[in-house]
Q: 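Before we start, here is the structure in question, set down as structure tokens.
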Amino acid sequence: MTAPSRAQLEFLQSIDTPTVCNLVEIVAPERRGFGYTVRHLHCPFPELPPIVGFAKTVTFKAKGAVPLGEAGYMQKRLDYLDYVAGSPRPSIMVMEDLDGEHVGYGAFWGEVQSNVHKALGCLGVVTNGSIRDIPAIAPDFQMLAGSIVPSHAYVHVVDFGIDVTVHGMAVKSGDLIHADRHGAVVVPADKIGEMKKANAGLAEREAKIIKAARAPDMTVEKLKAAIRG
């Protein structure tokens, strides 16, 4: 994957996720219709700015006892922390809950995990699973989740560094992710330069249409003219 520059990351952080989706459609038309979350995700911190980071992918379950026993599972937990702490950074956790019809049965994310992951370079999480401890989450740690529940049940990591799908968004470990209150999208890192160039034209076209729609002397013909460009 082409490593984005600091300027490119700052550009992405300056725009919201719907705009990123629009720009991806312009520079990579084949991406229209996939590569982003397609179902509602709860966002307890909608006021936070967009986050941009590299995906750390995880599968987990919360219904049923922890496999391998507590002693055997401890090593997996330690290996998992090494994965989270590794490059590339900053990261965004993209976590697929495997509990099927019981998805969200227990929350992986709460006060402790948000603080641990923030300390390891994570900006936030995108998951079809659940979250809890909303008032006690680490400061400025963004969360997009399928549900909010009170218990962690028997939550445990199944695997990490593997391909996952969260609410229709297929993600590989290391993919560049953009997320905000609207959802998340996989950004084609080799297209960021083109996206930045396309942004000015997109903003100009949208502003022209909105201006025509809000004009006191608005007519259908004037609106059509603005849409035609």
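Numbering of residues begins at 1 and proceeds along the displayed sequence.
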Q: Mark yes or no for whether Thr37, through its side chain, and Ala184, through its backbone, hold a donor-acceptor pair below 3.5 Å.
A: yes
Q: List the atom of Gly104, the atom of Val149, and the distance in Å for their closest heavy-atom pair.
A: O-CG1, 3.5 Å
Q: Check whether Glu194 reaches the backbone of Lys191 with its side chain - one donor and one acceptor, N or O, closer than 3.5 Å.
A: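 Side chain of Glu194 to backbone of Lys191: no pair is present.
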Q: Is a side-chain donor or acceptor of Lys76 paired with a backbone partner of Val158 at a separation under 3.5 angstrom?
A: yes
Q: Between Trp109 and His152, is the gap from one ring center to the other below 6.0 Å?
A: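 No, the ring of Trp109 stays outside the 6.0 Å limit from the ring of His152, centre to centre.
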Q: Shortest non-hydrogen contact from Val155 to Ala107?
A: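 Result for this residue pair: CG1-O, 3.8 Å.
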Q: Looking at Glu30, I want to see if its CD is surrounded by more than 12 non-hydrogen atoms of other residues, nucleotides or ligands under 6.0 Å.
A: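 Yes, enclosed.
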Q: Hydrophobic clusters here meaning ILVMFWY residues chained together by side-chain heavy-atom distances under 4.5 Å, can you tell me if Ile177 and Val187 are in one?
A: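 Each belongs to a different hydrophobic cluster.
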Q: How long is the gap from OG1 on Thr165 to CE on Met169, to the nearest 0.5 Å?
A: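 Here the rounded value is 9.0 Å.
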Q: Quick check for you: to the nearest 0.5 Å, what is the distance between Met143 atom CE and Ile51 atom CD1?
A: 10.5 Å
Q: Do Leu223 and Val220 touch side chain to side chain, with heavy atoms closer than 4.5 Å?
A: no
Q: For Glu10, enumerate each residue passing the salt bridge (Lys or Arg N to Asp or Glu O under 4.0 Å) test, keeping only those at least two apart in sequence or located in another chain.
A: none
Q: Just by distance, with hydrogens left out, do Asp16 and Thr19 show a side-chain donor and acceptor under 3.5 Å apart?
A: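 Yes.
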Q: Taking all atoms of both residues into account, what is the closest heavy-atom pair of Pro88 and Lys56, and its distance?
A: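 Reported closest heavy-atom pair: O-CE, 3.7 Å.
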Q: For Phe34, is the NZ or CZ atom of Arg31 found under 6.0 angstrom from the centre of its six-membered ring and inside 45 degrees of the ring axis?
A: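 Yes, cation above the ring, under 6.0 Å and within 45°.
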Q: Taking the side chain as everything from C-beta on, heavy atoms only, tell me whether Val84 gets closer than 4.5 Å to Met93.
A: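 In short, these two side chains touch, coming nearer than 4.5 Å.
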Q: Working to the nearest 0.5 Å, report the span between CE of Met195 and CG of Asn22.
A: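 One finds 9.5 Å between CE of Met195 and CG of Asn22.
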Q: Taking C-beta and beyond as the side chain, do Arg214 and Ile210 meet within less than 4.5 Å on heavy atoms?
A: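 Heavy-atom side-chain distance check passes, below 4.5 Å.
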Q: Hydrophobic clusters here meaning ILVMFWY residues chained together by side-chain heavy-atom distances under 4.5 Å, can you tell me if Phe11 and Val52 are in one?
A: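 Looking at the clustering, Val52 is in the same group as Phe11.
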Q: Under a 4.5 Å side-chain heavy-atom rule over Ile, Leu, Val, Met, Phe, Trp and Tyr, are Val164 and Leu123 clustered together?
A: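 They do share one cluster, since a chain of ILVMFWY contacts under 4.5 Å joins Val164 to Leu123.
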Q: Does the side chain of Thr17 come under 3.5 Å of the side chain of Asp180 through a donor N or O and an acceptor N or O?
A: yes
Q: If only side-chain N and O atoms count, and only distance matters, is there a donor-acceptor pair under 3.5 Å linking Ser173 with Tyr83?
A: yes
Q: How about Leu176 and Val186: do any of their side-chain heavy atoms sit closer than 4.5 Å?
A: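 No. Closest side-chain heavy atoms not under 4.5 Å.
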Q: Compute both the distance and the angle, then confirm whether Lys118 meets the cation-pi test with Phe141: under 6.0 Å from the six-membered ring centre, within 45 degrees of the axis.
A: no
Q: Count I, L, V, M, F, W, Y as connected when their side-chain heavy atoms are under 4.5 Å apart, and connections chain through other members. Are Leu81 and Phe160 then in the same cluster?
A: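 In one cluster: yes.
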Q: With side chains defined as the heavy atoms from C-beta onward, is the minimum distance between Val24 and Tyr36 less than 4.5 Å?
A: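 Val24 vs Tyr36: side chains apart.
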Q: How close do Ala145 and Ile131 get, heavy atom to heavy atom, and via which atoms?
A: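 Minimum heavy-atom separation between Ala145 and Ile131: CB-CG2, 3.6 Å.
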Q: Please check: side-chain N/O of Ser114 versus main-chain N/O of Gly110, any donor-acceptor pairing under 3.5 Å?
A: yes
Q: So which atom in Val171 and which in Ala55 form the shortest heavy-atom distance, rounded to 0.1 Å?
A: CG1-CB, 3.5 Å
Q: Would you call Leu41 and Val126 a side-chain contact if the rule is heavy atoms closer than 4.5 Å?
A: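 In contact.
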Q: In a check of side chain to side chain contact (heavy atoms under 4.5 Å, CB included) between Phe108 and each of Thr127, Val157, Val58, which one passes?
A: Val157
Q: Does atom CZ (Arg89) have a neighbourhood of more than 12 heavy atoms from anything else shown, all under 6.0 Å?
A: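 For Arg89, atom CZ is crowded (more than 12 foreign heavy atoms under 6.0 Å).
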Q: Quick one, Lys224 with Glu221, criterion salt bridge (charged side-chain N to carboxylate O under 4.0 Å, His left out). Give me CA distance, side-chain angles, the key distance, then yes/no.
A: CA-CA 5 Å; Lys224 287 180 180 178; Glu221 292 308 315; 3.6 Å; yes
Q: From Ile148 CD1 over to Arg132 CZ, what is the distance, rounded to the nearest 0.5 angstrom?
A: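 Separation between the atoms: 13.0 Å.
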Q: Search all heavy atoms of Pro18 against all heavy atoms of His182 and return the closest pair with its distance.
A: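 Scanning both residues completely, I find the closest heavy atoms to be CD-ND1, 3.4 Å.
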Q: Report yes or no: is the cationic atom of Lys63 (NZ for Lys, CZ for Arg) under 6.0 Å from the centre of the six-membered ring of Tyr154, at an angle within 45° of the ring normal?
A: no
Q: Before we go on, tell me: are the rings of Phe54 and His178 under 6.0 Å apart, centre to centre?
A: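 Centroid distance Phe54-His178: not below 6.0 Å, so no.
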Q: Working to the nearest 0.5 angstrom, can you tell me the gap between Asp133 CG and Glu111 CD?
A: 6.0 Å
Q: Between Cys43 and Gln142, is any pair of side-chain heavy atoms under 4.5 Å apart?
A: yes
Q: Lys61 vs Asp97, test: salt bridge (charged side-chain N to carboxylate O under 4.0 Å, His left out). Steps then yes/no.
A: CA-CA 6 Å; Lys61 293 176 66 68; Asp97 187 327; over 6 Å; no
Q: Taking atom types as modelled and ignoring hydrogens, do the side chains of Asp79 and Gln75 form a donor-acceptor contact shorter than 3.5 angstrom?
A: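 The answer is yes; a qualifying pair exists.
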Q: Got a second to check how far Thr57's OG1 is from Met95's CE, nearest 0.5 Å?
A: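 Thr57 OG1 to Met95 CE: 10.0 Å, rounded to 0.5 Å.
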Q: Is there a chain of hydrophobic side chains (I, L, V, M, F, W, Y, each step under 4.5 Å between heavy atoms) that links Val125 to Phe60?
A: yes
Q: Output yes when a side-chain donor or acceptor of Asn115 lies under 3.5 Å from a complementary backbone atom of Val112, and no otherwise.
A: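 Not at all, since once roles are kept as given, no pair shorter than 3.5 Å links the two residues.
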